[in-house]
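Reviewing the structure listed below.
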Amino acid sequence: MSERVFNLPNVISLLRVAAVPVVGWLILQQRWEAACWLFLAAAVSDGIDGLLARWLNQLTQLGAALDTVADKALGVVTLVMLAQAGAIPLWVTMAILLRDSIIVLGALSYRGLAGHLEIHPTWLGKTHVFAEFALLTLVLAALAGLLDLTAWLQPLFVTVFVIAAVSGVQYVWIWSAKVRREREAARFKPH
């Protein structure tokens, strides 16, 4: 049975993908308020498309892939642009980028070894995404003059850094355990 890929949740994910270069351009132009509101709308749409997909029973492989690509693209582009603008410290940026790289490389390596891939986000991984998107929204809001976060930025940076580091370690542990299980299964598989 074929999936109906043109559905409301997938359209929302596509709109989020389309928002990525616009958010990047707005940051480049230092149009902080517009960047903040568009980023916030795109971030909120991440939860909405998932809820709608489950509620309307419209979960598709394309939708899952689009959702992941949209999230990563929105987060990475906004993070790098804000780091380049000097609004987010390099150590926070590098922790988040290293975490994401570890996850992607681990997934690709596992797929190469096992020939298949099933990704199940962890509670800590979801917490990281929420913390990262909240941080990016708050930094944009501060740059736009919508909030005064002077006293809160350093604790927010440290919190997101710690969550990124712990989440990255958790994914290394998970992928390592999967590889060990695959090797054990292959060792005992009849030839």
Side-chain angles (χ1 to χ4, degrees), residues 16-17 19-50 67-110 117 119-179:
R16 193 161 65 257
V17 170
V20 172
V22 179
V23 169
W25 181 82
L26 290 169
I27 292 170
L28 194 59
Q29 300 299 314
Q30 297 184 356
R31 296 185 56 195
W32 304 119
E33 189 169 349
C36 177
W37 290 117
L38 182 56
F39 179 85
L40 181 60
V44 168
S45 79
D46 177 35
I48 292 171
D49 66 2
D67 186 60
T68 301
V69 168
D71 291 349
K72 289 297 170 212
L74 182 64
V76 167
V77 167
T78 305
L79 175 70
V80 169
M81 297 294 291
L82 287 174
Q84 184 180 20
I88 294 183
L90 185 59
W91 53 274
V92 175
T93 304
M94 293 309 294
I96 293 170
L97 294 177
L98 181 60
R99 174 202 176 268
D100 289 350
S101 298
I102 286 170
I103 292 170
V104 169
L105 291 174
L108 292 174
S109 297
Y110 179 80
L117 179 63
I119 298 177
H120 301 285
T122 65
W123 178 84
L124 189 55
K126 290 179 180 182
T127 301
H128 167 77
V129 171
F130 176 80
E132 178 187 345
F133 277 38
L135 175 68
L136 296 173
T137 303
L138 291 170
V139 167
L140 285 167
L143 290 168
L146 301 172
L147 297 171
D148 180 13
L149 298 174
T150 308
W152 291 97
L153 279 178
Q154 195 64 25
L156 286 169
F157 291 145
V158 170
T159 300
V160 172
F161 176 86
V162 168
I163 293 170
V166 173
S167 174
V169 168
Q170 181 189 41
Y171 277 106
V172 167
W173 182 79
I174 289 169
W175 289 116
S176 298
K178 284 184 177 202
V179 167

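All residue numbers in this chain count up from 1 along the given sequence. Note that the coordinates shown come from a computational prediction; the quantities given were computed from them, not determined experimentally.
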Sorted by first residue and then second, give each salt bridge (Lys or Arg N to Asp or Glu O under 4.0 Å) pair with at least one member in residues 34-43; sequence neighbours left out.
-> none

Walk me through it: do L26 and F39 pass the test side-chain contact (heavy atoms from CB on, under 4.5 Å)?
-> CA-CA 10 Å; L26 290 169; F39 179 85; over 6 Å; no

Carefully, step by step, assess V20 and R16 under the rule side-chain contact (heavy atoms from CB on, under 4.5 Å).
-> CA-CA 7 Å; V20 172; R16 193 161 65 257; 5.7 Å; no

List the steps, then state whether side-chain contact (heavy atoms from CB on, under 4.5 Å) holds for L124 with V166.
-> CA-CA 8 Å; L124 189 55; V166 173; 3.4 Å; yes

Among residues two or more places apart or on two chains, list those pairs meeting salt bridge (Lys or Arg N to Asp or Glu O under 4.0 Å) that have a residue in residues 135-157.
-> none

Heavy-atom side-chain contact between F157 and V139 under 4.5 Å | yes

Please name the pair of heavy atoms, one in F133 and one in D71, separated by the smallest distance, quoted to 0.1 Å.
-> CZ-O, 3.5 Å

Which pairs, with at least one residue in residues 135-144 and sequence neighbours excluded, count as a side-chain hydrogen bond (donor to acceptor under 3.5 Å, both in side chains)?
-> none

Residue pair L140, W37: steps toward the side-chain contact (heavy atoms from CB on, under 4.5 Å) verdict | CA-CA 9 Å; L140 285 167; W37 290 117; over 6 Å; no

Pairing residues for K72 by the side-chain hydrogen bond (donor to acceptor under 3.5 Å, both in side chains) criterion, not counting sequence neighbours | D100

In L146, L143, L156, the residue satisfying side chain to side chain contact (heavy atoms under 4.5 Å, CB included) with L138 is L156

Shortest non-hydrogen contact from L136 toward G75 | CD1-O, 3.8 Å

Validation row: V80, L97 side chains within 4.5 angstrom (heavy atoms) = yes

Side-chain heavy-atom pair V92, P89 within 4.5 angstrom cut-off = yes

State whether the side chain of S45 and the backbone N or O of I48 hold a donor-acceptor pair below 3.5 Å, judged by distance alone.
-> no

For W91, the ring-ring contact (aromatic ring centres under 6.0 Å, His included) test, sequence neighbours excluded, returns F161

Student check: side-chain heavy atoms of W152 and L147 closer than 4.5 Å | no

Pairs in or reaching into residues 163-173: which pass salt bridge (Lys or Arg N to Asp or Glu O under 4.0 Å), with residues at least two apart or in two chains?
-> none

